[in-house]
Number of protein chains: 2
Amino acid sequence: MTRDDIARLRRFNRAVTAEVGALDTSFLGRGRPLGPARVLNAIGQGIAEVGEIRAYLRLDSGLASRLLRGLEAEGLIETSPDPQDARRRIARLTPTGAEEVAAYEALSDAQAGAILARHPHPEALLAAMDLVASALGRDRIALTEVRVGDPRAQACLNAYYTELSQRLKQGFDVSLSADPEAAAMEAPRGAFLIAVSDGRAIGCVGLKGTDKGYAEIKRLWIDPSARGLGLATRLMAEIEARARALGIARLRLDTNSALPEAIALYRRAGWTEIGRFNDDPYPDHFFEKRI
Amino acid sequence: MTRDDIARLRRFNRAVTAEVGALDTSFLGRGRPLGPARVLNAIGQGIAEVGEIRAYLRLDSGLASRLLRGLEAEGLIETSPDPQDARRRIARLTPTGAEEVAAYEALSDAQAGAILARHPHPEALLAAMDLVASALGRDRIALTEVRVGDPRAQACLNAYYTELSQRLKQGFDVSLSADPEAAAMEAPRGAFLIAVSDGRAIGCVGLKGTDKGYAEIKRLWIDPSARGLGLATRLMAEIEARARALGIARLRLDTNSALPEAIALYRRAGWTEIGRFNDDPYPDHFFEKRI
DNA sequence: GCCGTTACCTGACATAAGTCAGATATATTA
DNA sequence: TAATATATCTGACTTATGTCAGGTAACGGC
């Protein structure tokens, strides 16, 4: 790491710091200070529990409470105790609040659009932003279980299929693989996890129950912008934990030698290479792990 | 521009907003609020006039004034009237202030280093950051005249030579070109301009005086991260203005067909293609413009 | 049911940041 | 030289943000 590298990073910091006001003028465009606006938008994003809001925005409990009271007084949100645990409170948008959030969204979209529109290579700019966002936000990447039909899961799977078709010599056609298996990747037989960074799914992995005495790990994929951050390891650890919770004792997976980083990961994570256990046309490496 | 593009940009915004506090903890690491810390560092960067500081940090005049008084009271800066215009005031670091700035720099470097160190591909991350910083900071790119020997000018020239050696079929060796000509690119015969974005030089152009009845434009280069933002056009317009101010009426330049974007720019900017006017081995296109 | 813990709230502050209307001194122009 | 413009400063605010020490109600394990 040279002095020049550091200068480059610091130039980025300054550019972003200088523009952050501008980036967030949507928060300031509606006559409301930043604090309440951020809370309102967090609620609009579906963050409901007061504690979650606090953690997400890193607010002091007193401050959070006051901001919520303010929004309530404006008629933008309502709060009620959590039925599961009445110590917690859940915040919800009122219709007025939903309109207000929509107005913020529209401002923010317009702004994002303006930045993209004036750039000569929007795709390159977006790819760069993805990379930076993943690098900076790595601590805030959350793993969530979803159904395979969830649009975020589908987005990951489509990206995964596209990548396979580019990287495998013979291409890839999902219908030839032992697949569409949504039901087998849902509770109680299996699971499907996605990694979510600020609302965007940037990785996935599936656990597919079978009746052959083992379950399979399928569809491990990480967005290119987030590779090398240890996310695959986190997803694997979490899906193993889910498998254990479902009473599964033996896991198998198959992969292709065109994906050497995946093979290296499995070896590091304690998987043992075994012989072919299916007749799927694509894989040429097979692994097993007892858990 | 799709909804997904906008979602990507907004994820970037959120990631950066969330981290900006962290990115700037160096500003908070020395028991001083953000306002004074930013002013102190601006002065440390060489921004001396009160008005410039105000513009750079977008501060109200009253607030700026108060922050300056605070730093003065701490013994970190001194101010004195500008000898050219006694209405203006110039701020300067005291030795204590310089130490303090150095401490901020060290914190900031350490932090930048930590971000880079934990990333698997620091060069890719830096390239992405450059691209984003140029896209966001395009309005803050300043053109400055420097001597060719200035390290920022040298950095640009080295990048330019490296790029030429990659793009020209026959490679490029600066010593074969009609060059080292520093003196001819300095006042009163010529000029050398760099484009500076937050302290980093990201583009250059030279005006080389000759005694052949014309001056030459040389060494037009833009950092890859800043291409397409209209910076080359700005640099050309500014160097032409300098030429005019030096009483030069006719400009010439040469270029190579491996640089089609440059050729297109010259055509757009009103240059006329002419026949070869030197025996430099690299160029194969020659242009002239009366100004 | 008791007790320690948790989640959230309230009140009382303290500090930071931003605004605005003059005041002062200097420069510029007619 | 008078009138006007400019650069900065000061004082008197308002608002926003952050902090801390309790207070209340609900939960969970015994």
Side-chain angles (χ1 to χ4, degrees), chain A residues 17-18 20-22 24-43 47-74 76-92, chain B residues 17-18 20-22 24-43 47-74 76-92:
Chain A
T17 307
V20 149
D24 276 340
T25 46
S26 67
F27 277 152
L28 303 171
R30 300 190 59 78
R32 189 172 289 112
L34 194 59
R38 293 209 309 151
V39 171
L40 185 63
N41 282 280
I43 298 170
I47 302 177
E49 258 177 46
V50 173
E52 270 185 277
I53 296 172
R54 270 214 316 265
Y56 182 70
L57 302 176
R58 303 185 192 187
L59 294 172
D60 170 84
S61 94
L63 184 50
S65 193
R66 243 181 298 278
L67 292 171
L68 287 168
R69 288 302 80 67
L71 291 170
E72 230 168 4
E74 276 193 87
L76 300 173
I77 63 166
E78 289 168 345
T79 62
S80 52
D82 182 337
Q84 261 84 58
D85 179 343
R87 289 172 304 182
R88 292 179 218 276
R89 288 185 83 76
I90 304 282
R92 225 171 22 271
Chain B
T17 307
V20 151
D24 277 339
T25 46
S26 68
F27 277 152
L28 304 171
R30 300 190 59 79
R32 188 173 291 113
L34 194 58
R38 293 210 307 150
V39 172
L40 185 63
N41 282 280
I43 297 170
I47 301 177
E49 259 176 46
V50 173
E52 271 184 277
I53 296 171
R54 271 214 315 266
Y56 183 70
L57 302 176
R58 302 185 193 187
L59 294 172
D60 170 84
S61 93
L63 184 50
S65 193
R66 242 181 301 278
L67 292 171
L68 287 168
R69 288 301 82 66
L71 292 170
E72 230 168 3
E74 278 192 84
L76 300 173
I77 63 167
E78 288 168 345
T79 62
S80 53
D82 182 336
Q84 261 83 58
D85 179 343
R87 290 172 302 183
R88 293 179 218 277
R89 287 184 84 75
I90 305 283
R92 225 171 22 272

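Letters A, B, ... mirror the listed sequences (proteins, then strands); counts begin at 1.
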Spatial distance of atom CD1 (I43(A)) from atom CD1 (I90(A)) [nearest 0.5 Å]: 10.5 Å

Any residue meeting salt bridge (Lys or Arg N to Asp or Glu O under 4.0 Å) with R66(A), in chain and number order, not counting sequence neighbours: none

All salt bridge (Lys or Arg N to Asp or Glu O under 4.0 Å) counterparts of D85(A), not counting sequence neighbours: R87(A), R88(A)

Heavy-atom contact window of chain A on DNA chain D, given 5' to 3' at under 4.0 Å: dA16(D) to dC27(D)

Nearest heavy-atom neighbours spanning S80(A) and R92(A): OG-NH1, 3.1 Å

Partner set under salt bridge (Lys or Arg N to Asp or Glu O under 4.0 Å) for E74(B), not counting sequence neighbours: R32(B)

Exercise: identify the closest heavy-atom pair between A64(A) and R54(A): CB-CG, 3.4 Å

CD1 on I47(A) to CD1 on I53(A), rounded to 0.5 Å: 7.0 Å

Heavy-atom pair with the smallest gap, counting every atom of L71(A) and P36(A): CD1-O, 3.8 Å

Heavy-atom closest pair, residues A86(B) and P81(B): O-CB, 4.0 Å

Per-nucleotide protein contact string for nucleotides 7-17 of chain C (B base, S sugar-phosphate only, - none; heavy atom under 4.0 Å): SSBBBB---SS

Angle between terminal axes - the helix from dG1(C)-dC30(D) to dA30(C)-dT1(D), 5 pairs each end, rounded to 10°: 30°

R38(A) to L57(A) - nearest heavy-atom pair and separation: NH2-O, 3.4 Å

